[in-house]
Amino acid sequence: MIDVRNVYKTFFIPEKVEALVDVTCKIDAGEVVVIIGPSGSGKSTLLRCLNRLEYATAGHIYVDGVDILDSKTNINKVRTEVGMVFQSFNLFPHKTVVENVTLAQKVVRKRSKKEAQERAMALLEKVGIHDKSNVYPDQLSGGQQQRVAIARALAMTPKVMLFDEPTSALDPEMVGEVLDVMKSLAKEGMTMAVVTHEMGFAREVADRVVFMDFGAIVEVGTPQHFFTNPDHDRAKLFLSQIL
Amino acid sequence: MESAERVPGRSRSYYLGVACFFVLIAMLLGGTYYATQKIDYVWRWYRVPQYFYYLGEIEVRAEIQGEVGSVAREGEEALVRVEGDGESETYRVPAQDLRVSEGDFIYPGDVLGVYKEWKVGILLQGLWLTLKVSLVAILLGILIGLATGLARISSNPLFKWTSIIYIELIRGSPLLVQIFIWYFVLGTLINKLLMLRGFGQLSPLWFGVASLAFFAGAYVGEIVRAGIQSIHRGQTEAARSLGMTYAQSMVHVILPQAFRRILPPLAGQFISLVKDSSLLGIIAIRELTKATREVVTTSLQPFELWFVCAVLYLVLTFSLSMFVQYLERRAVN
């Protein structure tokens with residue numbers, strides 16, 4: 001589904017920082033991959049490279065067989081197949097909840113108003129916000145906003161979902177409701193790449209765990225292997241610090 | 001809460017301040033009046049309304065020479081029959097303002113009667129022109145400003161550098177000079193070229209509107225740029241991650257949000273524009289200020305008329321700011 005080959009990403013603002021160094025990994029269809037690592041290790045950068053919100057400096061990234069680093073690729077078309085959920089929700093504050101979910105369907109997918117509306121309501125029902133479809137995002141709690149954001153991404157019928165620390169900006173008691181939605185998505189067979197600090201989620205849902213440090217992938221393994229018996233000292237140190 | 005509690009027991013200095021305020025106003029008005037009396041200025045406010053609306057006279061004149069043969073009343077009007085050498089004409093005049101009677105000898109050009117009609121005065125015409133010029137300039141200014149603002153944040157050097165140069169040129173030179181350039185330089189060039197091609201000429205009004213629109217456009221461009229950049233980057237990222245193009249994310253996500261934030265500075269800019277339109281008098285556009293100047297020269301009542309002129313501008317700018325406040329209130333939800 002997603003094939004990352006020898007990807008480098010270098011930032012020059014404010015000074016040269018190598019955010020990704022020779023990253024190679026694969027996400028198969030139906031797989032849930034959780035990317036963990038200390039802050040500044042390049043997890044979010046890698047995720048944002050997957051839909052070209054960050055343009056990787058070198059290497060190849062194939063999404064569904066299309067090289068998105070090729071300048072001839074129609075990136076907007078690729079992005080409709082790749083949903084993304086942000087740490088800070090990024091709902092459109094001037095649109096109601098249901099408008100947030102229908103907007104891209106109408107504008108990008110060219111669905112009729114009725115079709116978009118029906119799909120939006122079905123998805124809001126699924127994430128449990130259908131009774132607040134006509135309020136504005138700032139009237140919702142953080143957890144509710146994030147669930148709307150998930151519905152908004154799902155409305156495009158993506159083949160892959162990217163989650164960039166979806167629970168990091170939430171009050172602790174709201175983390176569960178968002179993780180529940182993500183778990184049910186995983187159960188339905190959605191291909192997911194998740195950057196998170198929720199080790200419980202990683203352990204329970206992930207098919208594979210990718211551990212990154214200093215812009216490079218240090219270790220890849222099943223959650224069971226990674227959490228009980230990691231190969232690398234850096235991973236052991238990381239786990240000892242957070243668990 | 002705090003102010004509500006303090007109302008019953010307002011301090012003495014508060015009431016003293018209120019009293020002093022009114023004394024100050026009274027002294028200003030009284031002082032001005034006293035000074036005008038000292039120089040024997042005669043206030044004639046009753047002469048002002050005629051420059052808004054007045055009863056104009058339309059004279060009916062004879063075209064031939066002859067004698068008034070008959071005057072026949074027909075309700076409010078009278079039919080005057082003038083009989084000359086082998087020819088006769090009948091004129092319809094209002095019965096009240098009939099100036100001839102049967103048997104009078106008439107030469108061509110003599111007044112037979114006078115119609116009275118309400119006409120729009122020069123000040124009202126000037127006000128209307130100011131309003132028209134300002135509104136057209138505001139609309140064009142919004143379009144130019146939007147394009148400039150978008151070009152200013154573009155990564156394409158063609159758009160970016162062009163808009164920077166445009167903004168710097170406009171903001172760095174006086175509006176008066178720009179009006180002269182539009183009228184005497186660009187106006188001459190354009191009208192000469194139009195003439196050589198056999199087209200009609202453009203009136204000064206067009207160049208006046210253009211100078212105001214391009215002047216406002218530069219400032220609006222900077223306001224638009226600041227407004228767009230004040231929207232959090234996450235909004236663009238969210239829109240783009242859903243597959244929207246740059247243009248779609250601008251139209252549906254960024255600009256509607258930016259619009260709410262730029263309304264207050266935009267209102268200030270347009271109020272300036274209304275006031276700046278007073279400069280257009282120098283290129284023979286008879287807007288409110290020019291009209292007032294003309295009336296002052298004929299009426300010799302400068303004090304009353306300049307006050308009236310100022311109040312009329314105040315009416316325009318105040319309505320504009322009320323309208324923008326209404327838009328702001330509506331945009332909140």
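Protein chains get the first letters and strands the later ones, always in sequence-line order, with residue 1 at the start of each.
A:Arg48 touches chain B through its side chain: at least one heavy atom from C-beta onward sits under 4.5 Å away, while N, CA, C and O do not. Contacts between A:Phe86 and chain B at a heavy-atom distance below 4.5 Å involve the side chain alone, from C-beta outward. In this structure, chain B has no heavy atom under 4.5 Å from any part of A:Leu162. Looking at A:Val82, only its backbone comes within 4.5 Å of chain B, counting heavy atoms on both sides. Contact annotation for A:Lys77: neither backbone nor side-chain heavy atoms come within less than 4.5 Å of a heavy atom of chain B.
Expressed to the nearest 0.5 Å, how far CZ of A:Arg152 lies from OG of B:Ser241 amounts to 6.5 Å.
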Inset, instruction - Tell me, with the steps shown, if B:Leu242 and A:Met84 meet side chain to side chain contact (heavy atoms under 4.5 Å, CB included). - result: CA-CA 8 Å; B:Leu242 289 165; A:Met84 187 158 194; over 6 Å; no
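More than 12 heavy atoms of other residues, nucleotides or ligands shown are found within 6.0 angstrom of CZ on A:Phe11. Atom OH of B:Tyr246 sits in a crowded spot, with more than 12 heavy atoms from other residues, nucleotides or ligands closer than 6.0 Å. Within a 6.0 Å sphere centred on NZ of A:Lys26, heavy atoms belonging to other residues, nucleotides or ligands number 12 at most. Heavy-atom contacts from other residues, nucleotides or ligands closer than 6.0 Å to CZ of B:Phe323 number 12 or fewer. Atom OH of B:Tyr313 has more than 12 neighbouring heavy atoms from other residues, nucleotides or ligands inside a 6.0 Å radius. Environment of NZ in A:Lys106: crowded, with over 12 heavy atoms of neighbouring residues, nucleotides or ligands closer than 6.0 Å. In this structure, A:His197 places its NE2 atom where more than 12 heavy-atom neighbours from other residues, nucleotides or ligands lie under 6.0 Å away.
Across all non-hydrogen atoms, the minimal contact from B:Gly243 to A:Thr80 is CA-CG2, 4.0 Å. Across every non-hydrogen atom of A:Phe92 and B:Ala238, the tightest pair is CE2-CB, 4.0 Å. In terms of heavy atoms, B:Met244 sits closest to A:Asn76 at O-OD1, 3.3 Å. For the residue pair A:Asn90 and B:His232, the shortest heavy atom distance occurs at OD1-ND1, 4.5 Å.
For the set A:Leu91, A:Asn74, A:Val108, the count of heavy-atom pairs under 4.5 angstrom toward chain B peaks at A:Val108. Here A:Val107 is the residue among A:Leu103, A:Leu53, A:Val107 with the most heavy-atom pairs under 4.5 Å with chain B.
B:His252 places no side-chain N or O within 3.5 Å of a backbone atom of A:Ala104 that could act as its donor or acceptor partner.
A 4.5 Å side-chain heavy-atom check between B:Gln235 and A:Pro93 finds at least one atom pair inside the cut-off.
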